[in-house]
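Below: one structure, written as structure tokens.
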Amino acid sequence: MAALSLPTNIPSHLGLRLLRSALNVGDFKRAHQLFDNIPQPDPTTCSTFISALTTHGRPNEAIKVYASLRACGIKPHSSVFLAVAKACAVSGDTLRVKEVHEDATRLGLMSDVYIANALIHAYGKCKCVEGARRVFDDLVVRDVVTWTSLSSCYVNCGFPRKGLSVFRQMGLDGVKPNPVTVSSILPACSELKDLKSGKEIHGFAVRHGMVENVFVCSGLVSLYAKCLSVREARAVFDLMPHRDVVSWNGVLTAYFTNKEYEKGLSLFTQMSRDGVKADEATWNAVIGGCMENGRIEEAVEMLRKMQNMGFKPNEITISSILPACSFSENLRMGKEIHGYVFRQWKVGDLTSTTALLYMYAKCGDLNLSRNVFNMMRRKDVVAWNTMIIANAMHGNGKEALFLFGKMLQSRVKPNSVTFTGVLSGCSHSRLVEEGIQIFNSMGKDHLVEPDANHYSCVVDIYSRAGRLNEAYKFIQRMPMEPTASAWGALLGACRVYKNVELAKISAKKLFEIEPNNPGNYVSLFNILVTAKLWSEASKIRILMKEKGITKLPGCSWLQVGNRVHTFVVGDKSNMESDKIYNFLDELVEKMKMAGYKPDTDYVLQDIDQEEKAESLCNHSEKLAVAFGILNLNGQSTVRVFKNLRICGDCHNAIKYMSKVVGVMIVVRDSLRFHHFKNGNCSCNDLW
DNA sequence: TTAGGGTTAG
């Protein structure tokens, strides 16, 4: 190894050459020794070395090199500052950024806009908005990069609304946003589900010829995907002159999250035909998409394909696939997946346990979730959020609030998802004042800006408590365009509290926002029928016919032993069908004696003429619960799942069933869990 | 020389 012997007292010009050749072969030890043996390294040598260490994933070594220069009393050149600022950004170490910032200030370099911009960026990567703001405020001359860096700092640190306001301020200051600015501000609109601002920025991008930019367009695709405007997402995608893997992932996600599984999957196939190679995120999007759309077997198949293509499933993959273990048609197969996942990859304790507790909660067994959660040694924000959400869906608002308090005590910083969980817990448990108070504290005490989802939760809080006018006023005062979930919450409550006027207003908005969602038409139809407004109701039916919108068939299922049994309205396909109907007839007699009165309003909830003739007893949830009671096999709880919201009469009937039979019945509908016990339901009849 | 997009929990 004589050739590698170390020269001493290397002159700077030669040192740079030797240093570069050592870095090129990845010999960092030699590079360090060489650098140490240059008595007076010039600025280019210093910045080259620092940058190279950063790009090779050694930002902390890069920062140490800078510190050693300072210790020797060498005054760093501005190029060295830029290099070390980048290293700080990569390492994410706030203290180091502060030190570099102080050094630059002392040397009078903070008016150099390049250095200032690099420091704003570095502070942003360290999630230190105060630092970034200070550098920004101290600048006299700010360019487009300064503004872009600050606004994206806010967006990436969880302050999307602040990011948007910086973006707007920038325009007022006469600095024109460029494609980089636009692509980094779009995620703020997505995060806030702020379609209105998103569309304004889309318009700006069109007017300024930015729609050829792949970053801008991918941002737009994601924006429309997040705001549930799948058609607009597709329109942007179709107009793109060049598409890369990120644009494809965006449009795939748009279809999957909007329940258009088949279209998503066919695009996935088309993607490879178009010569775009799927990456890790593509596979995660597809696997998540399969799971979200109930395609368990396909999700497992995709996991296998992902590995065959040489990709290693990561945390996100595992979190999405693990619930397959219990949703699977066949419990045994679920267990196999579980074992397979654990054998194959050393899954981190935190990720896998969180997935496990979420899976138990989604399967209706909150006690098992609680046990898992209590046993966790370390709990991160995702774990806390999952447990809060689990309680919210089961209607345990008080416990969700309690957990939120404990989370704050353990010094885990709540994020936007935390508040969605806590607020929905409040709405499902009629905790109005508590909910409003928490909503008001979000920005003030927790530095989390409320997004459209949080506003919708508050609408839901007022609505479920029967304070419909307050809910309506609140919607009108929202700082962003109200989403379908805000109007949907109001419409749902109008049915419970029989408010026809507000129902018409909300339904009109919903028909504009999601013209193809059958649920909205059905809800309004039912409200009109209950109010005996027959001619208006029939107009809705005609509207649906004209638009070719058909009601999604209701379907309930439950697991008995290793099998999942599925029921639709008037189902006779079950082998024990006769037994179920006879049992249900007997049960209804007993229930009537206990005070049950069938609510015939709900006979009319199905709009098809044939279905209208079916009696209430045929509803899928009643059939499934009856089948569950017949097959209890010593269990004390029947767990039934339904794809739509539970019908009002069924809700009432199942309360009586739980009393007459003396059994716990858990029903998960499309919105939440209902725990029926002793003639009562955990939702306090706010179904 | 400095700044940019997609995948988990809602």
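A, B, ... follow the sequence lines: proteins, then strands. Residue 1 opens every chain.
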Check your understanding: Which word best sums up how the rings of A:Trp384 and A:Phe373 line up, parallel for under 30°, tilted for 30 to 60°, or perpendicular for over 60°?
Key ->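 If you compare the ring of A:Trp384 with that of A:Phe373, the planes turn out perpendicular.
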
Could you state the [atom1]-[atom2] distance from [X] to [N], rounded to the nearest angstrom?
| X | N | atom1 | atom2 | result |
| --- | --- | --- | --- | --- |
| A:Asp244 | B:dT7 | CG | P | 14 Å |
| A:Glu292 | B:dA9 | CD | C1' | 11 Å |
| A:Ile321 | B:dA9 | CD1 | C1' | 17 Å |
| A:Asn415 | B:dA9 | CG | C1' | 8 Å |
| A:Glu280 | B:dG5 | CD | C1' | 17 Å |
| A:Ile120 | B:dT1 | CD1 | P | 19 Å |
| A:Trp248 | B:dT7 | CH2 | P | 18 Å |
| A:Ile201 | B:dG5 | CD1 | C1' | 14 Å |

Identify whether any heavy atom of [X] sits under 4.0 Å from a base atom; if not, whether one sits that close to sugar-phosphate; answer base, sugar-phosphate or nothing.
| X | result |
| --- | --- |
| A:Val221 | nothing |
| A:Leu82 | base |
| A:Asp380 | nothing |
| A:Ser424 | nothing |
| A:Ser416 | base |
| A:Ser149 | sugar-phosphate |

Check your understanding: When you match A:Ala285 and A:Val180 each to their closest nucleotide on DNA chain B, which lands nearer the 5' end?
Key ->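 Mapping each residue to its closest nucleotide by heavy atoms, the 5'-most match is A:Val180.
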
Exercise for review: Could you pull out the closest heavy-atom pair between A:Asp244 and A:Ser218, with the gap in Å?
Suggested key: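 Smallest heavy-atom distance, with atoms named: OD1-OG, 4.3 Å.
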
Taking NZ, NE, NH1 and NH2 as the nitrogens, is one of them in [X] or [Y] under 4.0 Å from a carboxylate oxygen of the other?
| X | Y | answer |
| --- | --- | --- |
| A:Glu232 | A:Lys199 | yes |
| A:Arg133 | A:Asp137 | yes |
| A:Glu260 | A:Arg231 | yes |

Donor-acceptor pair (no angle test) under 3.5 Å: [X] side chain, [N] base:
| X | N | result |
| --- | --- | --- |
| A:Ser218 | B:dG5 | yes |
| A:Ser183 | B:dG4 | yes |
| A:Asn213 | B:dG5 | no |
| A:Asn156 | B:dG4 | no |

Practice item. May I ask you to check whether A:Trp248 and A:Phe237 place their ring centres under 6.0 Å from each other? Key: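 Here the rings of A:Trp248 and A:Phe237 have centres that are less than 6.0 Å from each other.
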
Out of [options], which nucleotide sits closest to the side chain of [X]?
| X | options | result |
| --- | --- | --- |
| A:Asn284 | B:dG5, B:dT7, B:dT2 | B:dT7 |
| A:Ile316 | B:dT7, B:dT2, B:dG4 | B:dT7 |
| A:Val417 | B:dA3, B:dT7, B:dA9 | B:dA9 |

Presence of [X] side-chain N/O under 4.0 Å of [N] phosphate oxygens OP1/OP2:
| X | N | result |
| --- | --- | --- |
| A:Tyr358 | B:dG10 | yes |
| A:Lys125 | B:dG4 | yes |
| A:Lys226 | B:dG5 | no |
| A:His121 | B:dT2 | no |

Exercise for review: Begin from the C-alpha positions of A:His394 and A:Asn391 and carry the test side chain to side chain donor-acceptor pair (under 3.5 Å) through to its verdict.
Suggested key: CA-CA 5 Å; A:His394 284 271; A:Asn391 276 285; over 6 Å; no

**Study point:** Aromatic-base stack, A:Tyr114 on B:dT2, cutoff 5.5 Å, angle under 30
**Key:**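 It does not: the two rings, one from A:Tyr114 and one from B:dT2, miss the stacking criterion.
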
